[in-house]
Amino acid sequence: MKEITVQLDERSYPIFIGQGLLQQAGLLKPYISGQKVCIVSNQTVADLYLDRLQSQLTDYQVSIVLIEDGEQYKNMDSFNRVVDHLLEQNVDRKSTVIALGGGVIGDLAGYAAASCLRGINFIQIPTTLLAQVDSSVGGKTGVNHSQGKNLIGAFYQPSCVVADIDSLFSLSQREFSAGMAEVIKYGLISDADFFDWLEANTDSIKSLDKQKLAHIVARSCEIKADVVSQDEKESGLRAILNYGHTFGHAIEAAVGYQGWLHGEAISAGMVMASNLSAAMGALTEQNLDRIKNLFQAFALPIHPPASMSAAQMKALMLHDKKTIDAQVRLILLRAIGDAYVSADYSPQLLDKIITEALS
Ligand code: NAD
Ligand code: GLY
């Protein structure tokens, strides 16, 4: 088992990565303060993994709340269901909420834990690749609003994260690839050697080699933990974790959050951000091709949907949370492995990139 620490002074916490962790006796014990534990999950994940988790919680008073499966249920209705359940269970500040599932369950359960009694103990047990490498780490919690994604939420750190590699074997190939988009992101924004390693190990990652899976989860979590430790509430540096997301979130909104997974949308978005970086002279054509090839090797899209217009993309990009005073701030690359946040790009060049991508 590998352990990585998110360093946040008295709120520091470990991320455990390995095999067989869901049912590892005693692993969670130091992170559960009181007697009451509430597991938040959905039926899909519960059918696969709830028994394993419960086998290490026999000493506690455990209750379970299951939310319908899907991004469309990451909303205030589901949030209210979780909070109603917690209050019916008479939770106190020593009680613990455990999120067992992908990013939808993690974000929702985390926000309920942050809000109920102004904050009760929270543990993340991510079961998708995307959740293990990204959403379970760093404390962004929340739900969607009809006006947009993740518009309601709080920064609320878990007391630990348990990433059991075994859970990745039941994911569909498409969900696995969507998680790989975030993994490739870490190579692009912060670690050129990791990007090279991903290129060299594509086949064994796709065949779910356990050592390689453990490495990609661990390296991704190390990079995310390092960024979050420096800038927990995204006053600057943390925005680089959103590489390609300004374009990607616009794609998700344009298709009504249906038909495109988040990882797929940000894959096309990262290619657009890379195209802009190349047009600004920072990336060579050869490196731009390497980026596109790596996304394609994992069957990820490199173009936005044909149904979208350039005008729609530009309008939706203005809704990005990084936009300040109608100025869209973008994450750009100086090179593979070196990202920065900037509002200092040519709007004409951005227009050209958008128009070309959508022609
Ligand atoms: P998800 O939670 O919807 O999970 C994808 C699908 O896989 C679901 O149908 C789920 O039931 C199923 N599933 C989960 N684990 C499984 C397993 N082990 N085997 C088989 N099926 C399994 O989606 P996701 O991609 O995990 O997360 C996406 C969400 O994460 C979005 O809402 C996004 O906004 C959020 N997110 C949050 C952050 C953050 O920092 N908080 C970062 C990135 C993404
Ligand atoms: N997923 C982006 C962040 O956590 O900041």
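Indexing begins at 1, ligand by ligand and atom by atom, following the structure's order.
- The shortest N/O to N/O separation between Glu71 and ligand 1 falls below 3.5 Å.
- Salt-bridge annotation for Lys74 and Glu68: absent, with no side-chain N of the basic residue lying under 4.0 Å from a carboxylate O of the acidic one.
- Under a cutoff of 6.0 Å and an axis angle of 45°, Lys140 and Tyr111 do not form a cation-pi pair.
- Closest to atom 33 (C) of ligand 1 among all protein heavy atoms lies Lys149 NZ, 3.5 Å.
- Taking all heavy atoms of Ala99, Ala46, Ser170, Gly263 into account, the minimum distance to atom 17 (C) of ligand 1 is reached by Ser170.
- For NZ of Lys352, the number of neighbouring non-hydrogen atoms (other residues, nucleotides, ligands) closer than 6.0 Å is 12 at most.
- With a 4.0 Å heavy-atom cut-off, ligand 1 is reached by no atom of Leu261.
- More than 12 non-hydrogen atoms from other residues, nucleotides or ligands lie less than 6.0 angstrom from NE2 of His215.
- The closest donor-acceptor contact from the side chain of Ser136 to the backbone of Ala131 lies under 3.5 Å.
- By the 4.0 Å heavy-atom criterion, Tyr49 is counted among the residues contacting ligand 1.
- Contact annotation: for Lys224 versus ligand 1, heavy atoms closer than 4.0 Å belong to the side chain alone.
- Between Lys185 and ligand 2, not a single N/O pair is under 3.5 Å apart.
- Residue Ala192 comes nearest to Ile336 through the heavy atom pair CB-O, 3.5 Å, listed as atom of the first residue, atom of the second, then distance.
- Taking each of Val104, Val137, Leu100 in turn, the one with a heavy atom nearest to atom 2 (O) of ligand 1 proves to be Val104.
- Atoms of ligand 2 lying under 4.0 Å from at least one heavy atom of Asn242, given by number and element, are 2 (C).
- Looking at Lys224 against ligand 2, only its side chain comes within 4.0 Å, counting heavy atoms.
- Set against the non-hydrogen atoms of Asp134, the atoms of ligand 2 under 4.0 Å away are 1 (N).
- Looking at Asp69, Leu108, Asp134, it is Asp134 that brings a heavy atom closest to atom 43 (C) of ligand 1.
- Note: His245 and His249 have perpendicular aromatic rings, judged against thresholds of 30 and 60 degrees for the angle between ring planes.
- Nearest heavy atom pair, residue Asp191 against residue Ile223, reads CB-CD1, 3.9 Å.
- The neighbour count for Asp289 CG, taken as heavy atoms of other residues, nucleotides or ligands under 6.0 Å away, is above 12.
- Using a 4.0 Å cutoff on heavy atoms, Gln124 does not count as a contact of ligand 1.
- The residue Asn144 has no part lying near ligand 1, judged by heavy-atom distances below 4.0 Å.
- Here the side chain of Ser177 pairs a donor or acceptor atom with the backbone of Phe298 at under 3.5 angstrom.
- Nearest-heavy-atom check against atom 15 (N) of ligand 1 across Thr127, Ile105, Ile67 picks out Thr127.
- Among protein heavy atoms, atom 7 (O) of ligand 1 sits closest to Thr128 CG2, 4.0 Å.
- At a heavy-atom cutoff of 4.0 Å, ligand 2 is contacted by no atom of Val228, backbone or side chain.
- Contacts between Leu171 and ligand 1 below 4.0 angstrom, taking non-hydrogen atoms only, involve backbone and side chain alike.
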